[in-house]
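Counting from 1, the numbers follow the sequence of the chain as shown. The analysis underlying the following values was restricted to heavy atoms, covering all of them including side chains, and did not include hydrogens, waters or symmetry mates.
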Amino acid sequence: MAGFPGGTAVSLVTVYDWPAVDGQAGGSPHLHTASTEGYVVTAGTGAVETLSGDGYERRDLARGTVLWFTPGTVHRLVNGSGDLQLVVVMSNAGIPEAGDAVFTFPEDVLADPKAYNAAATAPAAPGLTEPERGEATRKRRDLAVEGYLALRERVEKEGADAMQPLWDRAARIVADRTDTWRGLWADGPKAQADATGAHLDALARAESAHLCDAHVGSAGDAVGKWGMCGRLETWDLRP
């Protein structure tokens, strides 16, 4: 049975309502190194702040808003109404879950692999209670916001070129993960794209064999998690 359409992943995010040092509630600023992320806002209002090749931008979010951003875009969700909720669609299902994201921690943490890994994985430490995982997630968020605010200030003063050091560090952080990612990509989105090509070839010959394999998939129950931007409900969408 094929995975979810297009080799994508889907989650429901209830954005954190924890205030940060600048008074804005929300999640941990971060970027993805290989995957494009999309939002479909289902409830509440807020904003997403981004740092990219276009510099600093802020876009309002409300029910029905649909937007997406490509790898390298730092994004920070801001929960304005306190009940901001959205469906997140990620390309390359499996890759984001395998360490595709890099947090905007302060420079000294980004420069130290051990310190970065400790901060990034703190909420997943074994033996923690659920409240302790929540507190570790909030501390991780606060550290990412600290680095993000300093980076945003540099981008506003110097332009998008100020992003280059973060992009360089992000590439170094994930470089040893790409062999695993390549297998996930080959078995997921690439396999589905190749299957579509084969279906088009068959249809051009008026052949219907692949239609005889028609089926319906179901993801089953969602699993709750402490995510980067909020509380997550996720599903196993692998084939």
Side-chain angles (χ1 to χ4, degrees), residues 9 11 13-16 18 20-22 24-39 46-59 61 67-79 84 86 88-113 115-124 133-134 136-155 160 162-175 177 181 225-232 234:
S11 58
V13 180
T14 301
V15 181
Y16 295 128
W18 305 324
V21 66
D22 63 348
Q24 297 193 109
S28 300
H30 63 280
L31 62 85
H32 294 280
T33 54
S35 301
T36 293
E37 181 170 1
Y39 292 162
V48 59
E49 296 183 349
T50 58
L51 302 173
S52 69
D54 298 319
Y56 167 69
E57 296 179 297
R58 180 183 173 99
R59 289 179 169 83
L61 301 177
L67 58 81
W68 60 92
F69 34 85
T70 59
T73 302
V74 171
H75 47 288
R76 178 198 187 187
L77 273 171
V78 176
N79 189 347
L84 181 60
L86 47 125
V88 173
V89 180
M90 294 293 308
S91 67
N92 305 323
I95 292 179
E97 297 83 353
D100 173 42
V102 172
F103 292 95
T104 56
F105 294 148
E107 282 289 320
D108 60 328
V109 179
L110 286 169
D112 182 338
Y116 178 87
N117 185 63
T121 62
R133 292 193 192 283
T137 301
R138 184 167 183 167
K139 289 181 178 179
R140 182 178 68 179
R141 189 285 307 267
D142 290 344
L143 190 64
V145 167
E146 178 185 343
Y148 165 79
L149 292 175
L151 176 61
R152 188 181 74 185
E153 183 177 355
R154 292 196 299 274
V155 170
M163 296 288 294
Q164 192 63 53
L166 174 63
W167 289 330
D168 291 342
R169 290 195 187 281
R172 288 195 290 271
I173 287 170
V174 305
R177 304 171 189 172
W181 294 357
K225 298 179 180 179
W226 293 98
M228 288 177 284
C229 295
R231 286 290 293 174
L232 302 182
T234 66

How close do [X] and [Y] get, counting heavy atoms only, and between which atoms?
| X | Y | result |
| --- | --- | --- |
| Ala20 | Val145 | CB-CG1, 4.2 Å |
| Tyr148 | Arg76 | CE2-CD, 3.8 Å |
| Val78 | Leu84 | O-CD2, 3.4 Å |
| Thr70 | Thr36 | CA-OG1, 3.8 Å |
| His30 | Ala101 | CD2-CB, 4.0 Å |
| Ala170 | Leu31 | CB-CD1, 4.1 Å |

Rounded to the nearest 0.5 Å, how far does [atom2] of [Y] lie from [atom1] of [X]?
| X | Y | atom1 | atom2 | value |
| --- | --- | --- | --- | --- |
| His75 | Phe69 | NE2 | CZ | 4.0 Å |
| Phe105 | Glu146 | CZ | CD | 10.5 Å |
| Asp168 | Leu110 | CG | CG | 11.5 Å |
| Thr121 | Tyr116 | OG1 | OH | 9.5 Å |
| Ile95 | Met90 | CD1 | CE | 9.5 Å |
| Leu51 | Leu166 | CG | CG | 9.0 Å |

Counting only N and O atoms by type, is there a donor-acceptor contact under 3.5 Å from the side chain of [X] to the main-chain atoms of [Y]?
| X | Y | answer |
| --- | --- | --- |
| Thr234 | Ser11 | no |
| Glu153 | Ala150 | no |
| Arg141 | Gly27 | no |
| Asn79 | Val15 | yes |
| Arg133 | Trp226 | no |
| Arg58 | Glu49 | no |
| Ser91 | Ser35 | no |
| Thr33 | Asp100 | yes |

Do the non-hydrogen side-chain atoms of [X] and [Y] ever get within less than 4.5 Å of each other?
| X | Y | answer |
| --- | --- | --- |
| Leu77 | Leu61 | yes |
| Glu37 | Trp68 | no |
| Arg140 | Leu143 | no |

Report task. Show your reasoning for whether side chain to side chain contact (heavy atoms under 4.5 Å, CB included) applies to Glu107 and Arg169. Result -> CA-CA 10 Å; Glu107 282 289 320; Arg169 290 195 187 281; 3.3 Å; yes

**Report entry** Chi angles and distances behind the side chain to side chain contact (heavy atoms under 4.5 Å, CB included) call for Met228, Phe103
**Finding:** CA-CA 9 Å; Met228 288 177 284; Phe103 292 95; 3.5 Å; yes

Requested in this report: Evaluate whether atom CZ of Arg172 has more than 12 neighbouring non-hydrogen atoms of other residues, nucleotides or ligands under 6.0 angstrom away.
Outcome: yes

